[in-house]
Asker: 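Mind looking over this structure? Questions follow.
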Amino acid sequence: MRPAMSLLLESRPESVDQPRQIDPGLTTEDRIFRSSVSAVGVFVLVLTGSIGVFLGYQLIPTLGHYGFRFFTETRWLPEQDKVGIAAVVVGTIVVAIIALTVAFPLALLTALFISEYAPGQKVKATLVAVVDLMAAVPSIIYGLWGAALLQPQVQPLSRWLSQNLGWIPFFKVSSTNPDAAAWEPTKYVGSAFIAGIVVAMMVIPLACSVMRGVFALAPLGEREAAYALGSTRWGMIRTVVLPFGRGGIIGGTMLGMGRALGETIAVLLIISPDTVIKLSILTTGTDTISALIAGRFGEATSHQLTALLAAGFVLFLITLAVNTVAAIFIGRSRSGAALEI
Amino acid sequence: MTTMQLPRIEQPVVTPPVDAPPSPTPKEIPRKIRGVSFEERGALVGSMAAALAADWLIYERLLSFTGKLGFTVCWYLLFLVVHAAITALEFPRPIVVDRVATGVVYGGAAIVGMAVASTVIFTFIKGWPALHHLNFYVDDMAGVRPSSPLTKGGVGHAVLGTFIQIGIAVVLSLPLGIATAVYMTEVGGRMSKTVRTVIEAMTALPDILAGLFVYVLLVVNFQMPKDGFAVSLALAVTMVPIIARSAEVTLRVVPGGLREAGLALGASQWQVVRRVVLPTARSGLATALILGVARAAGETAPLLIVSGASTFFNKDPFHHNMNSLPLYIYFGVRSPEKLYIERGYGAAALLLTIVLILFTLTRFLARDKVRSR
């Protein structure tokens with residue numbers, strides 16, 4: 001090649017070969033496009049980031065004014081300017097845990113039903129739509145449902161639990177005698193237990209759709225292998241679907257917990273606000289961070305407003321931690337993309 | 001042997017074809033792997049009946065409990081036990097476990113189904129007294145006294161307010177969210193990872209905090225009024241991360257081959273994004289938007305903080321209070337007046353209807369996508 005090339009060049013010495021530029025760089029149009037989209041991205045980053053920074057910054061004046069007692073004080077007494085978040089943090093977590101205890105089995109069973117038991121594609125699609133619909137129902141409607149329809153049904157259940165499982169500290173009731181012939185249903189109103197059940201209604205669709213998504217990815221080959229070995233349907237689920245979906249089950253549940261922690265309006269409609277730390281979940285009175293904010297911002301002085309923002313920041317941090325762990329679990333579950341069949 | 005030969009002699013001379021089936025082998029019946037056999041169905045119905053009878057006897061007569069909820073729960077538990085026992089008479093343990101597990105899964109799904117159904121039905125039944133008056137949809141509450149009957153006043157102003165607030169919030173958040181998603185998927189770079197991390201973190205922001213943030217920053221610090229625009233800002237703050245994230249997911253599934261084909265034909269990146277990527281992802285983006293809108297329409301917590309309630313029509317988002325459906329519901333059901341509570345439930349049913357319509361629209365769009373592929 002080389003001698004031939006040189007021959008060619010020699011014959012036309014005046015034209016020096018210029019290599020075509022393969023990468024002409026960005027056109028003006030693209031430069032404008034890329035820079036404007038990047039600008040929006042950075043703007044959104046600054047906007048959302050500044051909200052986080054703004055909230056976090058509120059901790060400084062709050063701690064300056066109320067001292068470290070802000071974290072240990074249980075009561076929220078605006079009149080005496082004595083405020084603390086110990087009780088509401090505990091209340092938030094208690095309500096979230098109750099919600100998870102109720103929601104986890106139901107979400108898991110529903111996800112299993114939709115992905116493994118539902119007959120036919122049409123039924124399956126309808127059920128998926130129903131679960132999605134459940135996620136779209138406004139939380140205030142769940143709150144109304146819980147306060148008006150569910151609460152009267154749950155009161156006897158609360159009483160039954162306190163009668164028969166009263167030796168568990170959570171179910172112990174001391175403010176009223178559950179065994180009395182004329183028991184007081186009103187003592188069981190507005191409890192963390194009922195709030196938790198209602199919040200569970202909002203956790204179920206979220207957890208269920210994550211779990212269902214993971215179950216659907218369980219490899220067909222392994223399912224058929226289980227059936228070919230003579231497994232029953234439950235045997236197949238226990239040995240293939242559930243181990244495969246473990247990451248999704250945990251991750252979906254934690255994602256639901258993130259939702260449960262921040263729920264405001266349904267909790268606000270049900271609970272009777274009471275900022276004390278107590279183990280008994282069946283009796284009246286509890287409070288969560290978000291319900292505290294919704295209930296107290298109107299009467300708050302500027303210091304207390306800062307304190308409410310700081311309390312909100314604590315809630316944000318808890319939610320963020322839970323969501324991050326959830327994302328790790330969901331990401332770590334055996335993904336269908338890596339599968340070779 | 002003899003019985004086989006006898007008829008053959010009497011038959012006309014027809015040689016049997018070579019490929020005719022030889023003497024009938026026992027016909028293979030494939031094991032049924034799907035569906036329910038007769039015995040199974042019998043065991044199921046029988047156990048149900050037995051459990052119902054036992055439940056009635058034990059729960060109502062012997063222990064004299066009351067309550068429909070407890071009765072149903074006990075019936076279900078008894079059913080599981082009886083069904084397991086009946087199955088155990090005939091089948092080995094794995095099948096018993098399978099039947100019990102099936103019963104538990106069906107029971108769990110049924111509870112969730114009943115909860116959803118009861119929520120929807122309850123809302124409409126409670127809302128019916130207000131819902132069947134036409135004035136409920138078109139009138140506002142100006143001059144309506146607590147004792148005024150349901151034929152006076154309505155929630156027209158709240159519906160209008162909700163639509164205006166959501167409209168402004170969408171106008172603010174949709175371009176920002178989609179542009180951010182385009183930035184994360186199409187432009188990329190080290191900065192985009194930071195953007196993605198922060199946006200994912202901000203989706204964890206509890207909605208009430210967005211409201212409190214806007215309230216403290218704008219209303220308290222900058223003395224802005226508690227008007228419709230403040231509500232829109234609070235909603236937009238919650239919607240931007242949600243839309244950006246779901247739009248990113250949608251854009252990421254657009255096949256890379258489509259982009260490369262566009263670029264190979266000499267299109268600029270902007271042309272590829274505008275004419276290939278966004279149109280391909282259009283239905284997914286619409287779904288994300290509508291779900292976001294449905295979510296925002298029912299959002300009550302931020303409204304409680306940044307919005308003031310009003311009783312009259314207000315088309316101007318920058319002046320005076322502007323009511324909205326969630327706020328109307330909240331104050332309605334919290335009031336001691338029976339008629340206000342009924343109006344509140346009516347508004348709840350209306351809000352649920354709006355959300356249901358948006359939701360059906362989403363399903364319709366999602367189905368369209370499948371058909372076109």
Side-chain angles (χ1 to χ4, degrees), chain A residues 27 29-30 33-34 37-38 40-42 44-45 48-49 51-52 54-55 105-106 109-110 112-113 117 129-130 133-134 136-142 144-145 148-149 153 156-157 201 204 227 232-235 258 261-262 264-265 290 293-294 297 302 305 308-309 312 315-316 319-320 323 327, chain B residues 67 69 94-95 97-98 101-102 104-106 108-109 111-112 115-116 118-119 122-123 176 179-180 182-184 187 191-192 194-195 198-199 201-202 204-209 212-213 216 220 237 240-241 244 268-270 291 294 298 300-301 304-305 326 329-330 333 348 351-352 355 359 363:
Chain A
T27 60
E29 201 184 44
D30 267 359
F33 161 68
R34 287 176 78 98
V37 170
S38 309
V40 173
V42 173
V44 170
L45 172 73
T48 49
I51 297 175
F54 175 82
L55 290 172
L106 291 178
L109 293 175
T110 311
L112 277 180
F113 181 78
Y117 286 87
V130 168
L133 169 72
M134 212 177 152
V137 171
S139 58
I140 190 166
I141 287 176
Y142 284 125
L144 295 178
W145 173 80
L149 189 71
Q153 300 289 327
L157 174 67
M201 287 293 287
I204 288 172
Y227 279 134
T232 58
R233 177 150 45 179
W234 172 249
L261 287 166
T264 311
I265 206 76
S290 47
I293 294 174
F297 80 96
S302 67
L305 215 49
L308 282 176
L309 280 171
L315 173 64
F316 175 51
T319 317
L320 190 58
N323 279 9
Chain B
L69 193 70
I95 298 199
V97 175
D98 180 52
T102 308
V104 171
V105 169
Y106 271 77
I111 292 176
V112 174
V116 182
S118 75
T119 310
F122 160 83
T123 310
L176 285 182
T180 314
V182 168
Y183 170 63
M184 288 191 283
V187 178
M191 194 66 180
S192 75
T194 323
V195 174
V198 171
I199 281 185
M202 291 316 279
L205 187 79
D207 41 30
I208 190 155
L209 268 187
L212 193 65
F213 168 74
V216 170
V220 176
V237 163
V240 167
S268 68
Q269 198 184 9
W270 161 240
L291 277 185
T300 318
L304 207 59
I305 293 185
I329 299 168
Y330 182 76
V333 297
L351 178 63
L352 190 59
V355 170
F359 185 79
R363 304 300 304 183

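In what follows, every chain begins at residue 1, and chains take the letters A, B, ... in the order their sequences are listed. Computed over heavy atoms, backbone and side chain alike; hydrogens, waters and symmetry mates excluded.
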Asker: Nearest 0.5 Å, what's the OG1-CG distance between T264(A) and L209(B)?
Answerer: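 T264(A) OG1 to L209(B) CG: 8.5 Å, rounded to 0.5 Å.
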
Asker: Looking only at heavy atoms, which two atoms of T110(A) and G108(B) are closest? And how far apart?
Answerer: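 Looking at all heavy atoms of both residues, the closest pair is OG1-O, 4.1 Å.
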
Asker: Measure distances from V240(B) to the heavy atoms of chain A and classify the residue's part below 4.5 Å as side chain, backbone, both or neither.
Answerer: side chain

Asker: Between atom CD1 of I208(B) and atom CG of L315(A), what is the distance when rounded to the nearest 0.5 Å?
Answerer: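 Between atom CD1 of I208(B) and atom CG of L315(A) there are 9.5 Å.
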
Asker: Do you know which of P156(A), A129(A), G41(A), G235(A) has the most heavy-atom pairs under 4.5 Å to chain B?
Answerer: A129(A)

Asker: Does the side chain of Y117(A) reach to within under 4.5 Å of the side chain of T102(B), using non-hydrogen atoms?
Answerer: yes

Asker: Are the side chains of L305(A) and V216(B) in contact, using a 4.5 Å heavy-atom criterion?
Answerer: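 Yes, close enough: below the 4.5 Å cut-off.
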
Asker: Do V355(B) and I141(A) have side chains that get closer than 4.5 Å, going by heavy atoms?
Answerer: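 They are not in side-chain contact.
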
Asker: If you measure from OG1 on T119(B) to CG on L144(A), what distance do you get to the nearest 0.5 Å?
Answerer: 10.5 Å

Asker: Quick one: closest heavy-atom pair of A201(B) and F316(A), and the distance?
Answerer: O-CE1, 3.6 Å

Asker: Ignoring hydrogens, what is the shortest heavy-atom contact between G262(A) and P206(B)? Give both atom names and the distance.
Answerer: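 Minimum heavy-atom contact is CA-CB, 4.1 Å.
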
Asker: Please classify the contact of L261(A) with chain B as side chain, backbone, both or neither, using a heavy-atom distance under 4.5 Å.
Answerer: neither

Asker: Specify which of A115(B), P94(B), A244(B) makes the most heavy-atom pairs with chain A at under 4.5 Å.
Answerer: A115(B)

Asker: Give, as side chain, backbone, both or neither, the part of L352(B) having an atom under 4.5 angstrom from any heavy atom of chain A.
Answerer: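 Looking at L352(B), backbone and side chain both touch chain A.
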
Asker: Can you tell me how far CG of L304(B) sits from CD1 of I265(A), rounded to the nearest 0.5 angstrom?
Answerer: 5.0 Å

Asker: Out of I111(B), L205(B), T123(B), return the one with the most heavy atom pairs under 4.5 angstrom to chain A.
Answerer: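 The residue among I111(B), L205(B), T123(B) with the greatest pair count is L205(B).
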
Asker: For E29(A), give me all partners under side chain to side chain donor-acceptor pair (under 3.5 Å), at least two apart in sequence or on another chain.
Answerer: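 Once residues adjacent in sequence are excluded, the partners of E29(A) under the side chain to side chain donor-acceptor pair (under 3.5 Å) criterion are S268(B).
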
Asker: How many angstroms lie between atom CZ of F213(B) and atom CG of L309(A), to the nearest 0.5 angstrom?
Answerer: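 Separation between the atoms: 9.5 Å.
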
Asker: Rounded to the nearest 0.5 Å, what separates atom OG1 in T300(B) from atom CD1 in I140(A)?
Answerer: 4.0 Å

Asker: Which region of F54(A), side chain (C-beta onward) or backbone (N, CA, C, O), has a non-hydrogen atom less than 4.5 Å from a non-hydrogen atom of chain B, or is it both or neither?
Answerer: side chain

Asker: Would you mind telling me which of V195(B), L212(B), D207(B) has the largest number of heavy-atom pairs within less than 4.5 Å of chain A?
Answerer: L212(B)

Asker: Assess the residue pair L109(A) and V104(B) against the criterion (side-chain contact (heavy atoms from CB on, under 4.5 Å)); give the C-alpha distance rounded to whole Å, side-chain angles, the decisive distance to 0.1 Å, and a yes or no.
Answerer: CA-CA 8 Å; L109(A) 293 175; V104(B) 171; 3.9 Å; yes

Asker: I'd like to check the ring-ring contact (aromatic ring centres under 6.0 Å, His included) partners of W234(A); sequence neighbours left out, ordered by chain and number.
Answerer: none

Asker: Applying side-chain contact (heavy atoms from CB on, under 4.5 Å) to F33(A) and V182(B), what does each step give before you reach the verdict?
Answerer: CA-CA 10 Å; F33(A) 161 68; V182(B) 168; 3.9 Å; yes

Asker: In terms of heavy-atom pairs under 4.5 Å, which option from V198(B), V116(B), V112(B) contacts chain A the most?
Answerer: V112(B)

Asker: Examine whether an atom of L320(A) lies under 4.5 Å from a heavy atom of chain B, and if so say whether it belongs to the side chain, the backbone or both; otherwise answer neither.
Answerer: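 When you check distances to chain B, atoms from both the backbone and side chain of L320(A) fall under 4.5 Å.
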
